[in-house]
Amino acid sequence: MSKRPLTASTPAEPGDRVRLTAEFERTQLLGILFGEFDRNLVGIENRLGVYISARGNRVQIEGEAEAAARARDVLVDLYNRIEQGQEVDAGMVDGVIAMSAQPTLAGIIRHDKDEAPTVMIRTRKKTIVPRAPSQVPYMKALARDDVIFALGPAGTGKTYLAVAQAVAQLITGSVQRLILSRPAVEAGEKLGFLPGDMKEKVDPYLRPLYDALHDCLPAEQVERRIASGEIEIAPLAFMRGRTLADAFVILDEAQNTTIPQMKMFLTRFGVNSRMVVCGDPKQVDLPIPASSGLADAVNRLEGVEGINVSYFTSADVVRHPIVGRIVDAYEGPGA
């Protein structure tokens, strides 16, 4: 069992430097905790401005009191995740560091090794937990609300988490079908004539959805469920005239829908269904950006019972810290 480090004998004041110790029972797990060439420790040191050293099963953290306490909590949380069988990578480390700054998330961050996280999604290949503060209410909404709008920049996990929740509900039988859709709008390039049948023509637009699926289900299950119709991946235009009952329906890149297309999509909602609409209002590829159906729908529907709107910012990017900085550079003052 992991032990929380002893606190200093006297209360630390803000700005004081302290030395905290964490002791871990299973030394064989520390290689995973530290990462290859101690890259996880280096990441924590760089992000929080602390110095971390290890000897045996003890880890010592030196730094400003609040930063050292956060670093300690991050290490304990990551160790507990490893004990639970979760995969710890650079993205996980960055996410846990980000959430350690949110006191309201203490119940999610500081779970004991024998206690499951309070917010998670289980799929065939992995158990997914929040990696950024904004993902916590979003994941709760995915499990609760009928229609969810997720707005924000790339890399914040909007579509990935929606696909994971959809796969989890398909596995448990809560829904009978998973329907993934995107508007087939070129993002600046003119692709011209695409050879092949209809599937081959639209697959390039839908590839990110396939990638998310394969991250949650074994490849053979993805192919089998697509062949049986349990999973359907189709352009938005194919939704017209249908009623989507007993289905988890995800619309990605929704900023590239027109207002009539968005109305058409939302009115496909059927019995025992759930819809998630993901997009970035600042990345519209339509000839007339003001005609985006995503912004129009949110303006009309935010606050309506059964509809949740989750917002993400560059601070919520979980792909790589530099992605958040790139988003800020493009969207900040003078952009």
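Keep in mind that this is a model prediction, so the values were computed, not measured. Along the sequence shown, residues are numbered consecutively beginning with 1.
The two residues S174 and N272 come nearest to each other via the heavy atoms O-ND2, 3.2 Å. The two residues P153 and S314 come nearest to each other via the heavy atoms CG-N, 3.9 Å. Shown here for V50 and I44, the closest heavy-atom pair between the two residues is CG2-O, 4.2 Å. The two residues S291 and L286 make their nearest non-hydrogen contact at OG-CD1, 3.8 Å. Minimum heavy-atom separation, L48 to A67: O-CB, 3.3 Å. Shown here for P133 and P137, the closest heavy-atom pair between the two residues is O-CD, 3.3 Å.
Residue-environment remark: CZ (R224) exceeds the threshold of 12 foreign heavy atoms within 6.0 Å. For R225, the CZ atom counts as densely surrounded, since its 6.0 Å shell holds more than 12 non-hydrogen atoms of other residues, nucleotides or ligands.
A 4.5 Å side-chain heavy-atom check between I171 and L217 finds at least one atom pair inside the cut-off. Proximity of M139 to P130: side-chain heavy atoms (C-beta onward) are separated by under 4.5 Å at one or more points. Considering only heavy atoms from C-beta on, R177 stays 4.5 Å or farther from I231 through its side chain. Between Y311 and T156 the shortest side-chain heavy-atom distance does not fall below 4.5 Å. Residues D252 and V163 form no side-chain contact, since every pair of their non-hydrogen atoms from C-beta on lies 4.5 Å or further apart. Annotation: side chain of L236 is in contact with side chain of F265 (closest heavy-atom distance under 4.5 Å). Here the side chains of V271 and D246 are not in contact, with every heavy-atom distance at 4.5 Å or above. No side-chain heavy atom of L33 sits under 4.5 Å from any side-chain heavy atom of N40.
I259 and I288 are not part of a single hydrophobic cluster, where members link through side-chain heavy atoms under 4.5 Å apart. Placement of F269 and V304 within a single hydrophobic cluster is found when ILVMFWY residues are connected by side-chain heavy-atom separations under 4.5 Å, directly or transitively.
The distance from atom OG1 of T123 to atom CG of L170, rounded to the nearest 0.5 Å, is 11.5 Å. Rounded to the nearest 0.5 angstrom, I148 CD1 and I307 CD1 are separated by 10.0 Å. Once rounded to the nearest 0.5 Å, the distance linking CD of Q261 with CG of L266 reads 11.5 Å. Separation of atoms CG (L178) and CG (L213) is listed at 6.0 Å; rounding is to 0.5 Å. Taken to the nearest 0.5 Å, the OG atom of S181 stands 8.0 Å off from the CG atom of L209. Distance CD/Q165 to NZ/K140: 13.5 Å, rounded to 0.5 Å.
Electrostatic pairing of R19 and E62 counts as a salt bridge here, judged by a charged N lying under 4.0 Å from a carboxylate O. Using a 4.0 Å cut-off between a side-chain N of Lys or Arg and a carboxylate O of Asp or Glu, E45 and R39 do not qualify as a salt bridge.
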**OP:** Kindly indicate, with the supporting measurements, whether the criterion side-chain contact (heavy atoms from CB on, under 4.5 Å) is fulfilled by M262 and D296.
**Re:** CA-CA 9 Å; M262 180 61 75; D296 178 76; over 6 Å; no
**OP:** Given salt bridge (charged side-chain N to carboxylate O under 4.0 Å, His left out), test E23 with R58 step by step and report yes or no.
**Re:** CA-CA 5 Å; E23 184 176 334; R58 289 191 171 194; 3.6 Å; yes
Original post:
Do F248 and Q176 pass the side-chain contact (heavy atoms from CB on, under 4.5 Å) test, and can you show the C-alpha distance, the side-chain angles, and the key distance before you say yes or no?
Top reply: CA-CA 8 Å; F248 199 115; Q176 301 303 311; over 6 Å; no
**OP:** Apply the test side chain to side chain donor-acceptor pair (under 3.5 Å) to residues Q255 and E253: give CA-CA distance (whole Å), side-chain angles for both, the deciding distance (0.1 Å), then the verdict.
**Re:** CA-CA 5 Å; Q255 74 274 8; E253 296 293 332; 2.6 Å; yes
**OP:** Evaluate the side-chain contact (heavy atoms from CB on, under 4.5 Å) criterion for residues I32 and Y79: first the C-alpha distance (whole Å), next the side-chain angles of each, then the deciding distance (0.1 Å), finally the verdict.
**Re:** CA-CA 9 Å; I32 303 173; Y79 177 84; over 6 Å; no
**OP:** Check the pair I250, I179 against side-chain contact (heavy atoms from CB on, under 4.5 Å), reporting the backbone distance first and the verdict last.
**Re:** CA-CA 6 Å; I250 300 171; I179 300 174; over 6 Å; no
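A perpendicular orientation is assigned to the rings of F312 and Y138, their planes being inclined by more than 60° (bins at 30° and 60°).
D145 places no side-chain N or O within donor-acceptor distance of the main-chain N or O of V147, the cut-off being under 3.5 Å. Remark: side-chain polar atoms of D38 are not paired, donor with acceptor, to backbone N or O of F34 under 3.5 angstrom. Of the possible polar contacts, one joining the N57 side chain to the F24 backbone as a donor-acceptor pair under 3.5 Å is found. A distance-only check finds a donor-acceptor pair linking the side chain of K158 to the backbone of G152 [under 3.5 Å]. Formation of a donor-acceptor pair under 3.5 Å by the E83 side chain with backbone atoms of L78 is not found in this model. Using modelled atom types, no side-chain atom of N308 and backbone atom of G303 make a donor-acceptor pair closer than 3.5 Å. In this structure, T258 contributes its side chain and G293 its backbone to no donor-acceptor pair below 3.5 Å. The backbone N or O of V249 lies less than 3.5 Å from no partner atom in the side chain of R268, so there is not a single donor-acceptor pair. Distance alone, capped at 3.5 Å, places no donor-acceptor pair between the Y51 side chain and the Q60 backbone. Between the side chain of S292 and the backbone N or O of N256, no donor-acceptor pair lies under 3.5 Å.
With 3.5 Å as the limit, one finds a donor-acceptor pair spanning the side chains of Q169 and R274.
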